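Keep in mind the model is a prediction, meaning the values are calculated, not measured.
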Amino acid sequence: MSPVSPVTKVRAVAHIHSEWSDDASWPLDRLAAAFRRRGRSVLLMCEHSRTFTEAKWKEYVEACAAASRDGVLVVPGLEYNDADNVVHIPVWGDVPFLSQTPDIAGVLAHTREADGIAVFAHPWRRAAWRRFDPAWAKDLTAVEIWNRKYDGWAPNREALAYAERLGLPPFVALDFHGARQFFPLAMEVTLADAPTRSSVEEALRAGHFEALAFSRSALRLASGVGGVALAAAESARALAARAMRGALALRR
């Protein structure tokens, strides 16, 4: 009988923006330290491509490698969007820089050719799903069914149903720009080797991951009593946030 290869499970946080994005401010080392305290050992970074160049991308990859220490791996990635900022595709892997606002079909094709990882981000933001060509699904790795920034405290049931229609696994993401997006969402990634950029990317490519919320399957929280409770909590949070914004507007 051949020996069974050991596996390692790591908790990753996905879709993280740092000061390298034009709308975020946290340095890479501060992000690594903050998520280490929260029990996360992999950061799937996701900077906006719109201010990058090929030279800046190479510099950024080196910066992520330098920030990977003390038990935290910082994996470089870019979030590409179309010309009018509707469809967003986070990309990881050894994919060359594809320009600041490339054609989305081209992003997916180039990512597939480079054996990279592509995820459809927040499909319900600005109804991006309406613009998404189902034929692109063959080039995707997963679909975000729960984006903390846009979906709040509960998974997006429409996004989950959409992922199921496309035949793609679910992804959960913080879309982190600041402290408001801290939330117990994580991707549990199963590695065949020690955590490295290449082993994490290989596991993502192979689909060896599970979307978690509160350390349990995010899919279980999309329905049943837990799903109802989270949806109610999100409705209450959104209502309170609107009321707060209204009160602040009246004071001005």
Item checked: Near-ring test Phe183/Phe214, centroid separation under 6.0 angstrom -> yes
Check: To the nearest 0.5 Å, what is the distance between CG (Leu212) and CG (Leu219)?
Finding: 9.5 Å
Next item on the list: State whether the side chain of Asp82 and the backbone N or O of Val86 hold a donor-acceptor pair below 3.5 Å, judged by distance alone.
Entry: yes
Margin query: Other residues, nucleotides and ligands only: do more than 12 of their heavy atoms fall within 6.0 Å of CD on Glu158?
Written below: yes
Item checked: Heavy-atom pair of closest approach, residues Val95 and Ala114 -> CG2-CB, 4.0 Å
Next item on the list: Would you mind checking if Arg112 and Asp139 are paired as a salt bridge, meaning a charged N to carboxylate O distance below 4.0 Å?
Entry: yes
Margin query: Please check this pair: side chain of Ser41 against backbone of Val72, looking for a donor-acceptor N/O pair closer than 3.5 Å.
Written below: no
Note to self: Set out, in order, the CA-CA distance, both residues' side-chain angles and the distance that settles salt bridge (charged side-chain N to carboxylate O under 4.0 Å, His left out) for Arg131 and Asp84, then state yes or no.
What the structure shows: CA-CA 12 Å; Arg131 186 175 295 185; Asp84 54 353; 2.6 Å; yes
Next item on the list: Could you give me the CA-CA distance, side-chain angles and deciding distance for Asn147 and Trp124, then say whether side chain to side chain contact (heavy atoms under 4.5 Å, CB included) is met?
Entry: CA-CA 10 Å; Asn147 179 293; Trp124 253 249; over 6 Å; no
Next item on the list: Starting from the C-alpha separation in whole Å, work towards a yes-or-no answer on salt bridge (charged side-chain N to carboxylate O under 4.0 Å, His left out) for Lys58 and Glu62.
Entry: CA-CA 6 Å; Lys58 291 179 180 178; Glu62 293 175 358; over 6 Å; no
Next item on the list: Taking only Lys NZ, Arg NE, NH1 and NH2, and the carboxylate oxygens of Asp or Glu, determine whether Arg36 and Asp29 approach each other closer than 4.0 Å.
Entry: no
Checklist line | Candidate pair Glu201 and Ile117, rule side chain to side chain contact (heavy atoms under 4.5 Å, CB included), full reasoning | finding: CA-CA 7 Å; Glu201 290 171 348; Ile117 300 101; 3.9 Å; yes
Item checked: Distance-minimising heavy-atom pair for Ile89 and Ala118 -> CG2-CB, 3.9 Å
Next item on the list: Indicate yes or no for a side-chain donor-acceptor contact from Gln181 to the backbone of His177 under 3.5 Å, with no hydrogens or angles considered.
Entry: yes
Notebook entry, point to check: Is any side-chain heavy atom of Asp94 less than 4.5 Å from a side-chain heavy atom of Asp115?
Noted result: no
Margin query: Could you tell me if the side chain of Leu73 sits less than 4.5 Å from the side chain of Leu43, heavy atoms only?
Written below: no
Next item on the list: Decide side chain to side chain contact (heavy atoms under 4.5 Å, CB included) for Leu166 and Tyr162; before the verdict, give the C-alpha distance in whole Å, the side-chain angles of both, and the deciding distance to 0.1 Å.
Entry: CA-CA 6 Å; Leu166 293 178; Tyr162 183 67; 3.4 Å; yes
Check: Mind checking whether Trp26 and Phe182 have ring centres under 6.0 Å apart?
Finding: yes
Check: Mind checking whether Tyr80 and Phe97 have parallel, tilted or perpendicular rings, split at 30° and 60°?
Finding: tilted
Next item on the list: Give the minimum heavy-atom separation between Val143 and Ala163, together with the two atoms involved.
Entry: CB-CB, 3.8 Å
Check: Checking Glu47 side chain against Ser18 main chain: does a donor-acceptor pair fall under 3.5 Å?
Finding: yes
Notebook entry, point to check: Does a sphere of radius 6.0 Å around NE2 in His48 hold more than 12 heavy atoms from other residues, nucleotides or ligands, not counting ones at 6.0 Å or beyond?
Noted result: yes
Notebook entry, point to check: So, the side chain of Trp146 versus the backbone of Gly152: is there a donor-acceptor pair under 3.5 Å, distance only?
Noted result: yes
Check: Hey, are Asp151 and His122 close enough side-chain-wise for a donor-acceptor pair under 3.5 Å?
Finding: no
Note to self: Applying side chain to side chain contact (heavy atoms under 4.5 Å, CB included) to Lys56 and Thr51, what does each step give before you reach the verdict?
What the structure shows: CA-CA 9 Å; Lys56 183 177 178 180; Thr51 64; 3.3 Å; yes
Check: Between Ile145 and Asn156, is any pair of side-chain heavy atoms under 4.5 Å apart?
Finding: no
Check: Hey, are Asn81 and His88 close enough side-chain-wise for a donor-acceptor pair under 3.5 Å?
Finding: no
Check: Do the two ring centres, one from Phe176 and one from His17, sit under 6.0 Å apart?
Finding: no
Margin query: Could you check whether any side-chain N or O of Arg148 sits under 3.5 Å from a backbone N or O of Leu185, counting only pairs where one atom can act as donor and the other as acceptor?
Written below: no
Check: Are any non-hydrogen side-chain atoms of Glu79 and His15 less than 4.5 angstrom apart?
Finding: yes
Notebook entry, point to check: What heavy-atom pair brings Ala211 and Val172 nearest, and what distance separates the two atoms?
Noted result: CB-CG1, 3.8 Å
Next item on the list: Would you check if Thr141 and Trp92 make a side-chain contact, meaning some heavy-atom pair closer than 4.5 Å?
Entry: no
Checklist line | Point-to-point distance, once rounded to the nearest 0.5 Å, from CD of Glu188 to CZ of Arg11 | finding: 4.5 Å
Next item on the list: State, yes or no, whether a side-chain contact exists between Leu191 and Pro195 at a heavy-atom distance under 4.5 Å.
Entry: yes
Check: Hey, does Pro170 have a side-chain heavy atom less than 4.5 Å from the side chain of Glu210?
Finding: no
Next item on the list: To the nearest 0.5 Å, tell me how far Leu44 CG sits from Leu204 CG.
Entry: 6.0 Å
Checklist line | Exam field: side chain Ser21 to backbone Ala24, donor-acceptor pair closer than 3.5 Å | finding: no
Notebook entry, point to check: Would one find more than 12 heavy atoms of other residues, nucleotides or ligands at under 6.0 Å from atom CG of Asp103?
Noted result: yes
Checklist line | Heavy-atom neighbours of Arg205 CZ exceed 12 at 6.0 Å | finding: yes
Item checked: Under 3.5 Å: donor-acceptor pair, side chain of Ser68, backbone of Val74 -> yes
Margin query: Less than 4.5 Å apart, side chain to side chain, heavy atoms only: is that true for Lys9 and Val189?
Written below: no
Next item on the list: Could you tell me the separation between the CE atom of Met45 and the SG atom of Cys64, rounded to the nearest 0.5 Å?
Entry: 6.0 Å
Item checked: Rounded distance (nearest 0.5 Å) linking atom CG of Asn85 with atom OG1 of Thr101 -> 10.0 Å
Checklist line | Cluster overlap Trp20 with Val91, hydrophobic side-chain contacts below 4.5 Å | finding: yes
Checklist line | Point-to-point distance, once rounded to the nearest 0.5 Å, from CG of Leu78 to OG1 of Thr111 | finding: 10.0 Å
Notebook entry, point to check: So among Phe171, Trp129, Phe132, which one has a ring pair (Phe, Tyr, Trp, His ring centres under 6.0 Å) with Phe120?
Noted result: Phe132
Check: Between the side chain of Arg69 and the main-chain N/O of Ala66, is any donor-acceptor distance below 3.5 Å?
Finding: yes
